[in-house]
Amino acid sequence: MKTKISVGVLGIQGDIEENKTVAQEALNRSNVKGNVKFVRYAEEIEKIDGLILPGGESTVISTLATIQGGILHTIKRRIAEGMPVLGTCAGMIMLAKRAYDRVVGETRQQLLSNLDIVVERNAFGRQDDSFEAKLSIPILGKNNKFFKGVFIRAPIVIEVGAAVDIIAKFNNRIVGVRQGNIIGTSFHPELSDDDRIHRQFIKTVLDCKRHKGAQQI
Ligand code: GLN
């Protein structure tokens, strides 16, 4: 029987539609059975096999998520239990252990802390300083054509723990990381017309579910 997966997109704020669309396309193109839906409540987060934390504004997302009955605790626990997660831009900030901003210093926002990294928010400047750059991301396969990185008030990763692999750099700054089933990017793969990062994530979700299924037999 073909494994079916359920992917959630945290549907609170940010480019949630774009992530849902690309994830659905990635699912179809990878010929994987399953669905992608917005999740907003703890009961929904309990049932999914993988989660996408979209780009947007991390302080807004975590504040609203906190008001929403403490769903951050549920997300944090499920990731700690092994649920794959993809965090893009604000989503990666939410996954970090610590976040700071050159202007305001340590940002006292609620973070999930599952990903052993420290990030600097808005490291390339403000909205006006948004840009695109060609990135080389070897984990996307041998026939590695550049990935168009879309950077919008993007963070950079300034410290990584021992368990963290660096998967992308731009001008010697870390803009993509992976730690086990957690992938984080400073840029927005949902805005690139390129579903390779989402496909990589779908593959992780599928492998993780198959592995779990095999353990239960
Ligand atoms: N600067 C935003 C934050 O700190 C992230 C921007 C984005 O997701 N495009 O949350």
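One-based numbering, in listed order, for ligands and for the atoms of each.
Looking from atom 5 (C) of ligand 1 to the surrounding protein, the closest heavy atom is G56 O, 3.4 Å. Closest to atom 7 (C) of ligand 1, if we only count protein heavy atoms, is C89 SG, 2.8 Å. Nearest protein heavy-atom neighbour of atom 4 (O) of ligand 1: R121 NE, 2.5 Å.
Ligand 1 places these atoms under 4.0 Å from at least one heavy atom of S58: 3 (C), 4 (O), 10 (O). Residue I152 has at least one heavy-atom neighbour below 4.0 Å for each of these atoms of ligand 1: 6 (C), 7 (C), 9 (N). Numbered from 1 in the order shown, with element, the atoms of ligand 1 that lie under 4.0 Å from a heavy atom of N122 read 1 (N). Interface atoms of ligand 1 facing G55, defined by a heavy-atom separation under 4.0 Å, are 8 (O).
Contact record, M94 with S58: CG-CB, 4.0 Å, taken as the closest heavy-atom pair.
Screening R210, K203, H211 for a side-chain hydrogen bond (donor to acceptor under 3.5 Å, both in side chains) with D207, the sole residue that qualifies is K203. For the ring-ring contact (aromatic ring centres under 6.0 Å, His included) test with F187, the passing option among F151, F170, F131 is F151; the others fail.
Only the side chain of I93 comes within 4.0 Å of ligand 1, counting heavy atoms alone; its backbone N, CA, C and O stay farther away. When non-hydrogen atoms are compared, ligand 1 lies under 4.0 Å from the backbone of R153 as well as from its side chain.
Stacking of K20 on the aromatic ring of F38 is recorded, both the 6.0 Å distance cut-off and the 45° axial limit being met. Geometrically, R173 engages F124 in a cation-pi contact, judged by NZ or CZ lying under 6.0 Å from the ring centre and within 45° of the ring axis.
Between the side chain of D15 and the backbone N or O of G55 there is at least one donor-acceptor pair closer than 3.5 Å.
The 12-atom threshold is exceeded at NZ of K2, counting heavy atoms of other residues, nucleotides or ligands nearer than 6.0 Å.
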